[in-house]
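Whatever order the structure lists them in is the order used to number ligands and atoms, beginning at 1. Quick note: residue numbers are just sequence positions, from 1.
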Amino acid sequence: MSLLEVKNLKTYYYTLRGAVRAVDNVSLTLQKGEVLGIAGESGCGKSTLAWSLIGYVPPPGRIVDGNILIDGKDIAKMDEAALRKEIRWKKVSMIFQGAMNALTPVFTIEDQLAEPLIVHKGYTKEEAREEIIKLLKAVGLDESFLKRYPHELSGGQKQRIVIAMALILHPDLVIADEPTTALDVIVQAQIMNLFKEVKKKYNIGMIFITHDLSIIAEIADKVAIMYAGKIIEFGTSDQVFLNPQHPYTQGLLKSIPRIRSKEKISWIPGVPPDLVRPPAGCRFHPRCPYAMDICRREEPPLLEVEPGHYVACHLIAGKGGKK
Ligand SMILES: Nc1ncnc2c1ncn2[C@@H]1O[C@H](COP(=O)(O)OP(=O)(O)O)[C@@H](O)[C@H]1O
Ligand SMILES: [Mg+2]
């Protein structure tokens with residue numbers, strides 16, 4: 001059984017302007033121990049997808065349709081009490097975008113980390129402390145951090161605490177939403193190395209969300225590219241990075257600066273569409289250099305172009321990809 005299976009998920013925000021179709025018919029699967037990277041420009045629905053996977057979508061958003069199977073159980077149909085009791089932190093934990101700046105300022109690191117152990121596992125303070133020390137070590141910190149407050153920590157140290165929190169109840173899946181975006185480049189690299197160690201040590205599934213494709217190149221086994229609420233390309237890291245098929249993925253990859261390359265960095269002209277009234281047909285067609293008539297009329301299906309590599313583009317459909 002897959003660790004996670006998302007089928008035709010739709011999560012919309014109901015605003016005065018109309019429904020914002022932030023996640024619109026997304027399907028994906030993740031096996032135990034696998035790392036999935038999800039990349040796409042800001043506003044394409046990455047965070048909304050992540051929130052949906054822990055059953056928490058901020059209002060006025062909600063899951064409208066689809067299934068989210070975790071160990072075969074559909075969490076899209078669970079109520080808040082069941083999600084809290086059975087799923088969140090225990091099976092799936094999340095490192096929210098900007099979480100390191102949301103640590104409670106008046107609690108010590110020990111207090112912040114002890115709470116889930118005491119509440120969910122019934123640990124005593126002493127038992128919790130022992131577990132926390134182990135975990136601090138696992139994220140590259142020592143006992144001296146127990147009594148410190150968030151403001152006494154550097155950005156990288158705060159992010160290590162947030163990662164420790166996500167791991168504390170040993171979930172099967174950790175979702176990290178832009179976990180390095182607020183950090184400088186050197187610390188970013190250190191935190192990515194920590195994630196790689198965590199992956200090896202705990203053999204957990206991870207979903208890594210970023211607007212910067214280069215971040216996930218080293219850690220992800222599988223990669224999903226999102227555009228305007230949809231997954232437009234999905235495959236192994238090698239397939240997506242070495243053999244990108246969707247014009248949008250190709251554009252994203254060209255926009256990554258490469259050391260020693262003489263090629264000029266290019267960016268895809270135009271901006272992502274309004275998700276209240278997205279363009280008909282392929283949502284990327286207004287920005288696509290290869291747009292054909294059919295792209296303005298019909299939504300391209302996600303087709304398999306090689307085993308495990310899926311692309312939603314009429315150029316591919318024309319070349320005979322399989323459904
Ligand atoms: N609370 C909200 N109310 C209305 N629209 C929202 C809300 N949160 C996000 N959106 C919209 O949903 C879309 C996806 O947003 P988000 O999931 O945050 O994207 P990303 O994480 O890829 O930047 C965007 O168009 C955004 O404006
Ligand atoms: Mg986001």
Quick check: does Trp51 get an N/O under 3.5 Å from an N/O on ligand 1? no
Lys10 (side chain) donor-acceptor with Gly66 (main chain) under 3.5 angstrom: no
Look at atom 25 (O) of ligand 1 and find which of Ala39, Gly43, Ser42 reaches it with the closest heavy atom. Gly43
Parallel, tilted or perpendicular: ring planes of Tyr56 versus Phe96, cut at 30 and 60 degrees: perpendicular
If you scan the protein for heavy atoms around atom 6 (C) of ligand 1, do you find one that is closer than 4.0 Å? yes
Near the Mg ion (ligand 2), meaning under 2.8 Å, how many protein N/O/S atoms are there? 2
Does a side-chain N-to-carboxylate-O contact under 4.0 Å join Glu86 and Lys91? no
Stacked cation flag Arg287 on Phe284, 6.0 angstrom / 45 deg: no
Flag Cys44 as yes when one of its N or O atoms lies below 3.5 Å from any N or O atom of ligand 1, and as no otherwise. yes
Quick check: does any side chain N or O of Asp74 sit under 3.5 Å from a backbone N or O of Ile68, one acting as donor and the other as acceptor? yes
Any idea which atoms of ligand 1 are less than 4.0 Å away from a heavy-atom of Pro60? 1 (N), 3 (N)
Short side-chain to backbone donor-acceptor contact, Lys46 and Gly40, under 3.5 Å: yes
Under 3.5 Å donor-acceptor, His211 side chain and Thr181 backbone: no
Any side-chain to backbone donor/acceptor pair from Lys230 onto Asp24? Under 3.5 Å, distance only. yes
heavy-atom search around atom 11 (C) of ligand 1 in the protein gives Val20 CG1, 3.8 Å
Considering non-hydrogen atoms of the protein only, which is the closest contact for atom 2 (C) of ligand 1, and what is the distance? Tyr13 CD2, 3.5 Å
Given Thr48, Leu275, Asp177, which one has a non-hydrogen atom that is nearest to atom 17 (O) of ligand 1? Thr48
Arg88 (side chain) donor-acceptor with Ile54 (main chain) under 3.5 angstrom: yes
Filter on ring pair (Phe, Tyr, Trp, His ring centres under 6.0 Å), then keep only pairs touching residues 147-204, sequence neighbours left out; what's left? His170-Tyr202, Phe195-Phe208
If you scan protein heavy atoms around atom 19 (O) of ligand 1, the nearest is Gly45 N, 3.2 Å
Of all the atoms in ligand 1, which lie at a distance below 4.0 Å from a heavy atom belonging to Thr15? 4 (C)
Output yes when a side-chain donor or acceptor of Glu233 lies under 3.5 Å from a complementary backbone atom of Val240, and no otherwise. no
With a cut-off of 4.0 Å, which atoms of ligand 1 are near a heavy atom of Ser47? 17 (O), 18 (O), 20 (P), 21 (O)
When only distance counts, is Gln97 in polar contact with ligand 1, meaning an N/O pair under 3.5 Å? no
